[in-house]
Amino acid sequence: MQKTRTLLISLLLICGGAGLPAMAQNNYADGIEYFKSGQPDRAKIILERTLNDSETYPAESYYYLGEIAFPTSKDSAMMYYEKGIEADPEFALNYIGKGKVVMGQPVANDEKSIKAAIKEGDKLMKEAFKVKNAKKDPAVALAYVKAYYENGLPYGAAVDKFYEKLLADYAPYYVFLGDIEAAKESWGEACKNYELAFDWYDTDSSCVEAYIKYAGIYFRINPDMAIDNVLRLLDMRPTSAIAQRELAESYYRADKFNEAVKAYEVYMQNPNAFQTDQPRYASLLYYDKQYDRSLNLCEDLLKTFPNNLMLKRLSLYNNYELQDYVSAIRAAEDLFSTPDVEFNSRDYMQYGKLLLAIGKNDEAIANLEKAVEIDPTRLDLYKELTTALQKTGNFLRRAEVQEMYLKQLIAVNQDKTQDYFIAGRYYYMAAARAFQAEDREATQYAVNKADSCFAVVVEKAPEDYRGHLWRATSMGLLDPERNTGVALPYYEKAIEVMLGDLNNTETPPTAAAADRIKKDLIDAYTYMANYDYVAEYNNYLSLSEEKRDTFKFTKTIEWCNKILELDPDHAATKEFLGIIKN
C-alpha cells in the first residue's frame, strides 16, 4: 500500500471520511499538530502515548518523534527515523530525516569533512524521492528544503528546485517562511506568511499550525482578532485538541475568564487533553470567581498530585475568598512549607490579606512588604499594603509606600495629580504625628516630603487651590509660633486662588463647592490673623506704656473681619476680637 504522502492517514482521520466517527481526532494526529504548532514537549507525550494505538501510523509517528529529538539529540533522532523506515520503507520523510542528521554531523570541522557530510546527507535524502509518488509530494520537497535550513546551510537552491511544481501552492511552505521571520522577530512578515498559508493555500483545513502561530503573534496586537482566528479554526476542526486548548488559553490571557472556563471544559473532555492542565482549569475557575468549584477540584486533584504547587496555592486563595480562614491558614502553612520553592508575589499578597483578616496586622504587613519587594511593578500590591498599614496608623510608611507606587506610575506615564496629593497628605499626617511627639528632625523630613508632593500638585493643577493650601498647611508645622512666616507665601497664593474661585461669575462654584471654599478660606484667614497678631503683639510689647493705650491690632482685626464676613457667627473669632480690641 502506498503511503508516501506524509499526512495521508492523519488527514483522512482529521478531515473525516466515510464511516469515520465524530471524534476521529482521538489519535496521534493531535501530537503532530502540537509539534507543527511549536509545542514539541506536548507533541512527544501524545505521540509516545498513542504509538501502539490501532489507528496510529507508526512510520509517521516515528518521523515526528525524530523531528522533536533533532535539535537536542541527533542520535535519538536517527534512531526514530530508522524505526520509521523499518515500520514502513515507503514513508519517504524518514529518509529525509536520516539525511538531515548525517548532513549536520561531519567527522571534523574542516571544509572537506563538512562538504563530505553534506554530500552524504543529500544522497540519503534523495532516497526519499525514489519512493513511489514522492517526487509529486510537496511535503517531501519541503522537508528537503528544511533539512538544509535546520543545519544552517544555504537552502535557496533547494527552494528554487521545487518551488514552481510543488511549493508555490503548498500552505506549510508559507508557514516555514513565517517561522523564519518569527525567528528574526519580524512579526508582521511572519503573520503575512501565516495568513497566506491559511487564507490562500490551505484547501483542506489541515494547516492548523498556521492559525495557531498567527493567533499567538497577533494576540499581542489585537487579542479579540486572535481569538476570532482560533474560533475560525475550531469551526473547521472542532475536535482538534490544540485548537481547543489555544482558545481557552487565549481567553485566559485576555482576562475573559468565564469564556476561558467554558473553553477549558470542552478541551478537558478531549481524549488528548493533558491531565496536567487540570490545575490550570482550577485556576481559571478561581479567576472566574467560581471559588467553590475551584476548591473542590483542587482538593480532588491534591489526592493525586499532593505536591502540586499551583493546587496548594489555589487551596489558599479559594479558602480565603470563601472566608474559611481556618482552612486558609492550614493551606498557607502547607504552601509555605514546600521546600525549594521561590514563592511569588501573589502568594505573599494572599497570605498577607489572610493574616490581616484574622487580625495579625504585623505579620500581614511583613508578607505584603515581601510581595512588593518581589514584584515592585504590580500596582495592586501597593493598595493592599497601604490598606494593611491603615490598621497601624503608621502614616510615614503609608506615605513611603504611596511614593513607591508613584514611581511605578511615573515609569509607565500613568501618574495623576491625585496620586501626588494622596502621598502629600500621608506625609503631612506623618509630620503632624512627629510634631505632636516633639520630634523636630522627623517633622522637618516629613514636611519637606509633603511639600515636594504638593509642589507637583501645584505644578500640574495651579488653578486648584488645594495644592497651594496644603503646601501652606504643611509648612505651618515648621512655624508653630508663627514667627518666621515660612508658610505665608503659600497661604497668600491659596487665598488668591480661592477668592478667584468664589468670585468667578462665568463659572460660579456650586453651593457645596462654595461652602468648602469658604471653610478653607477661614482656615487660611485664621493663619494670617495669627501670624499678624504675633508680629503686632511683639510690636505692642516694644512700646511705652502710654503708647500701648492707643495701639491697634489693625492687620489682625482685618483678617478677623474677613472671617466674620464669611461666617458672622464664628465664635472663636468673635472672642479673639473682643480680647484684642480691649
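Just so it is clear, the structure is predicted and the values come from calculations on it, not from any experiment.
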Residue pairs passing the ring-ring contact (aromatic ring centres under 6.0 Å, His included) test with at least one member in residues 483-524, sequence neighbours excluded, are Y491-Y527
Least distance between heavy atoms, A524 atom then I495 atom
CB-CG1, 3.6 Å
May I ask you to check whether Y291 and Y286 place their ring centres under 6.0 Å from each other?
yes
Does R280 make a cation-pi contact with Y252, if we ask for NZ or CZ under 6.0 Å from the ring centre and within 45° of the axis?
yes
Given K192 and E189, is the salt bridge (charged side-chain N to carboxylate O under 4.0 Å, His left out) satisfied, shown in steps?
CA-CA 5 Å; K192 285 180 184 177; E189 291 301 313; 3.2 Å; yes
Cut-off 3.5 Å, side chains only: do E403 and Y427 have a donor facing an acceptor?
yes
Shortest non-hydrogen pair, Y281 vs V261, comes out as CE1-O, 3.8 Å
All heavy atoms of Y426 vs all of R398, minimum pair found to be CE2-NH2, 3.2 Å
Salt bridge (charged side-chain N to carboxylate O under 4.0 Å, His left out) for R220 and E185? Distances and angles first, verdict last.
CA-CA 13 Å; R220 311 170 197 182; E185 297 187 357; over 6 Å; no
After noting the C-alpha distance and the side-chain angles of E333 and R330, does the key distance pass the salt bridge (charged side-chain N to carboxylate O under 4.0 Å, His left out) rule?
CA-CA 5 Å; E333 291 171 350; R330 284 200 299 267; over 6 Å; no
Derivation and outcome, salt bridge (charged side-chain N to carboxylate O under 4.0 Å, His left out), residues K460 and D419
CA-CA 11 Å; K460 287 179 172 289; D419 301 314; over 6 Å; no
Using the ring-ring contact (aromatic ring centres under 6.0 Å, His included) rule, take F274 and Y267 through it: C-alpha gap first, then chi angles, then the decisive distance, then the call.
CA-CA 9 Å; F274 290 89; Y267 163 67; 7.5 Å; no
